[in-house]
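Structure record follows, encoded as structure tokens.
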Amino acid sequence: MRLITHNMLSCNIKGVTNGFPLRIEAGNVIEKEVDFNPDFIRHMFAKLEWKALVEGARSMGYAELPEDSPDAAVLESDESFLKKLHHALLELHLEEGALVCPETGRKFPVNKGIPNMLLHEDEV
Amino acid sequence: MWFLCVFYHRLLDFRKPEVEALAELFGEEIAENESLQWRLPEHHHNDTPFHFVQLSSEEIARNIAKRSILVKGMYELWGEGTCYEELKESILSYPDSRKLQFLTSDSTFRISVETFGKALTFEEQKDRIQSLTYIPFEGRVNLKNPDHNFFLMEMIESEENNGLQPILQRRIFFGREVGFADRKLLPTFQLKSRTYLGPTAMDAEMAFLMANQAKATSGKLVYDPFVGTGSILVSAAQFGAMTMGADIDIRVVRDGRGPDCNVWSNFKQYGLPMPVALLRMDNNLPPWRSGLKEIFDAIICDPPYGVRAGGRKSGGRKILRGTVDPYTVPDDKRTDHIPSTGAYSLVECVHDLLHLAARMLVMKGRLVFFFPVLRDETGGEVKFPEHPCFKLVAVSEQILSSRYSRVLLTMVKVEPYSEEIKEAARLMHLEFRENHLKWLEDGNIHSSVFKPIDSSQIHTDPKAFKDPKPKYRGKYV
């Protein structure tokens with residue numbers, strides 16, 4: 001599971017209002033290289049919740065992202081920033097671990113890189 | 001500029017929509033509620049492989065032909081006629097300013113003869129090429145890799161028509177090739193050599209058609225909420241898009257059939273970038289964070305119709321048992337618990353899909369999906385699911401059997417999502433369910449497809465089975 005995915009997910013148990021962001025319990029994190037596509041990264045940047053991304057990256061062992069969300073101008077001019085963003089979003093993989101709901105503590109397991117977001121019968 | 005577009009004679013309904021989608025992708029300016037301009041050659045029926053289309057540049061025509069699955073080639077027409085005299089007159093009257101630059105002495109060329117309706121001998125082909133001496137070719141012939149490729153195409157009247165409607169009159173075209181199809185694409189991606197397959201894996205040709213309808217290209221994010229073995233995403237990835245998929249069945253998505261036989265191995269087989277994410281989730285109860293919207297450029301999928309594979313959603317026991325209290329999983333069993341799932345009708349599934357697309361697609365993003373249709377003898381007007389955020393731009397039928405077909409619907413998001421729209425959509429969905437889909441509810445499509453033929457309809461007279469004249473195959477191709 002990559003951070004780009006983590007940034008989209010929240011806990012959707014019935015009654016939960018504060019299900020985002022899910023805390024990452026990193027069991028096994030690996031780095032896999034992905035071709036750099038700056039257009040894609042710029043397009044995704046507009047949709048990100050920055051704080052959640054920075055925290056998530058830290059839980060996976062990457063602390064190079066700035067705390068505050070940079071201006072759009074930086075995206076156009078600073079390629080090294082784009083590369084860091086690319087690395088955080090696409091190249092860090094959580095192979096085994098869990099995503100934990102901040103409100104209920106419910107763990108959504110991540111196995112072989114795939115998060116299991118299916119709810120149990122009593123959570124629907 | 002008008003171009004002669006020659007199609008492969010397959011999937012007739014899909015041909016023009018594909019060209020329209022690709023034209024838009026490659027920069028053709030098409031006004032709001034308009035489409036490309038098409039013209040038929042004289043005396044030709046709409047099912048003919050020959051169509052004239054107006055495009056603003058040769059480059060767009062070339063790009064469309066290269067990426068298209070159903071376009072055989074695009075040509076600049078130099079002349080046409082019902083016989084060779086007419087063809088000669090037509091070519092001679094075509095302006096020199098358009099012809100001479102391609103006939104120069106320092107260029108190489110080749111003339112190919114193609115016939116539809118009858119095969120010609122080598123001698124006959126040579127004769128036809130010789131008859132073109134009135135065109136001042138000054139360059140050298142190069143059969144392998146010419147600068148300019150010319151095609152002489154003849155439609156010949158004949159008794160057997162390879163499934164085409166009888167042509168009223170013979171017609172001949174002569175043109176300069178401007179673009180041609182990539183013939184290596186389908187053999188490379190065909191399913192029979194794919195590593196990981198499932199029972200409903202989309203065949204390569206159709207998956208590429210869907211990716212073209214969705215305008216998948218580099219820099220875009222394409223999502224498949226019923227990803228299964230990833231067959232649709234593979235095609236989108238081949239065209240350069242980043243892909244993402246989800247499925248409720250974790251075995252298909254996570255485990256596959258082993259470490260070298262799963263969704264990832266399909267992408268590895270073709271050297272394509274891996275999907276950005278694969279998730280297990282229920283489309284009926286998706287885990288998207290509340291502020292998330294307008295993130296996908298296209299959603300391409302094949303929802304479960306309930307004929308060969310049925311859809312599932314969360315909450316099985318609650319729905320099945322009704323009054324029983326929700327089942328609470330004992331703590332020690334929680335980690336490996338596989339939640340039970342309940343039946344998920346096609347109508348509800350499509351409603352959730354439209355809702356997902358309305359919220360998560362960017363403006364002008366495309367939703368491309370299949371919808372099953374019973375082939376009614378009475379021929380009533382078929383109505384498809386609608387949503388206030390979407391405009392339906394293409395409907396293409398693929399006949400699957402004498403009883404049913406599936407229709408590829410292409411919808412473009414034209415209105416942003418809002419709470420008011422959500423309510424309007426819910427009402428549309430209820431109306432749709434009430435009035436149009438009695439036979440699609442809960443397994444009825446399954447029974448309609450697999451219903452045994454009424455034995456009284458079977459003729460005992462063996463002569464009735466003999467059909468001397470080959471029937472026009474129409475959309476069965």
Side-chain angles (χ1 to χ4, degrees), chain A residues 1-14 16-22 32-49 52 89-91 93-96 98-99 101-102 106-124, chain B residues 218-221 240-242 244-250 253-256 259 262-264 273-282 284-297 313-319 325-329 333-342 360 362:
Chain A
M1 187 210 66
R2 294 173 161 99
L3 283 170
I4 188 173
T5 321
H6 167 257
N7 207 266
M8 299 194 222
L9 299 174
S10 78
C11 171
N12 55 340
I13 295 178
K14 193 164 171 184
V16 165
T17 46
N18 255 345
F20 178 82
L22 296 161
K32 271 192 240 176
E33 214 181 294
V34 170
D35 287 337
F36 177 55
N37 185 332
D39 286 325
F40 179 71
I41 302 294
R42 285 193 193 104
H43 175 50
M44 287 294 119
F45 174 75
K47 312 287 169 193
L48 295 173
E49 276 288 319
L89 283 177
L90 298 176
E91 293 183 333
H93 285 261
L94 182 65
E95 286 288 308
E96 302 288 326
L99 301 173
C101 171
R106 178 357 179 158
K107 293 193 188 183
F108 293 98
V110 177
N111 301 113
K112 296 192 196 164
I114 296 180
N116 182 348
M117 307 304 296
L118 218 55
L119 298 176
H120 297 151
E121 289 85 342
D122 51 351
E123 295 166 331
V124 166
Chain B
S218 168
K220 297 210 177 152
L221 183 59
M242 301 294 277
M244 186 163 149
D247 204 291
I248 199 169
D249 186 349
I250 196 156
V253 131
R254 179 190 67 191
D255 307 326
N262 50 40
V263 182
W264 312 108
M274 297 288 169
V276 162
L278 287 178
L279 296 166
R280 180 205 198 181
M281 67 163 184
D282 179 1
N284 192 244
L285 285 171
W288 309 120
R289 66 170 157 86
S290 53
L292 188 67
K293 60 174 183 165
E294 299 192 1
I295 191 161
F296 299 123
D297 295 284
K313 64 172 181 178
S314 303
R317 273 177 218 229
K318 209 161 144 189
I319 292 173
D325 284 334
Y327 175 71
T328 309
V329 187
K333 295 228 160 56
R334 269 202 185 258
T335 9
D336 293 320
H337 177 70
I338 298 181
S340 55
T341 50
M360 304 293 249
V362 303

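Numbers restart at 1 for each chain; the letters A, B, ... are given by sequence-line order, proteins then strands.
Distance alone, capped at 3.5 Å, places no donor-acceptor pair between the B/Arg280 side chain and the A/Leu118 backbone. Of the possible polar contacts, one joining the A/Asn12 side chain to the B/Leu285 backbone as a donor-acceptor pair under 3.5 Å is found. In terms of modelled atom types and a separation under 3.5 Å, the side chain of A/Lys47 and the main chain of B/Glu294 share a donor-acceptor contact. With B/Arg289 contributing its side chain and A/Pro21 its backbone, the two residues share no donor-acceptor pair below 3.5 Å.
Residues A/Met117 and B/Asp282 have side chains not in contact (no heavy-atom distance under 4.5 Å, counting atoms from C-beta outward). At least one side-chain heavy atom of A/Met44 sits under 4.5 Å from a side-chain heavy atom of B/Leu221. Taking 4.5 Å as the limit, every side-chain heavy atom of A/His43 sits out of range of all side-chain heavy atoms of B/Met242. The shortest side-chain heavy-atom distance between B/Pro273 and A/Val34 does not fall under the 4.5 Å cut-off.
Only the side chain of B/Asp297 comes within contact range of chain A, judged by heavy atoms closer than 4.5 Å. For A/Leu90, the part sitting under 4.5 Å from any heavy atom of chain B is the side chain, from C-beta outward, and nothing else. In this structure, chain B has a heavy atom under 4.5 Å from the backbone of A/Leu48, while its side chain stays farther away. Contacts between B/Val362 and chain A at a heavy-atom distance below 4.5 Å involve the side chain alone, from C-beta outward. For B/Ile250, the part lying under 4.5 angstrom from a heavy atom of chain A is the side chain only. Contact annotation for A/Met1: neither backbone nor side-chain heavy atoms come within less than 4.5 Å of a heavy atom of chain B. The contact between B/Pro275 and chain A is made entirely by backbone atoms, counting heavy-atom distances below 4.5 Å.
Counting heavy-atom neighbours within 6.0 Å of A/Asp35 CG, excluding the residue itself, gives a total of 12 or less. With a 6.0 Å radius and a threshold of 12 heavy atoms from other residues, nucleotides or ligands, A/Lys107 has its NZ atom at or below the threshold.
For the atom pair CG of A/Asn111 and CG of B/Asp255, the computed distance is 8.5 Å after rounding to the nearest 0.5 Å. Interatomic distance, A/Asn37 CG to B/Ser218 OG, rounded to the nearest 0.5 Å: 4.5 Å.
Taking B/Met281, B/Met274, B/Arg254 one by one and counting their heavy-atom pairs under 4.5 Å with chain A, the maximum is reached by B/Arg254. Most heavy-atom pairs under 4.5 Å with chain A, from the set B/Ala277, B/Pro287, B/Gly219: that is B/Pro287.
Contact between A/Thr5 and B/Leu279 at its shortest, heavy atoms only, is CG2-CD2, 3.7 Å.
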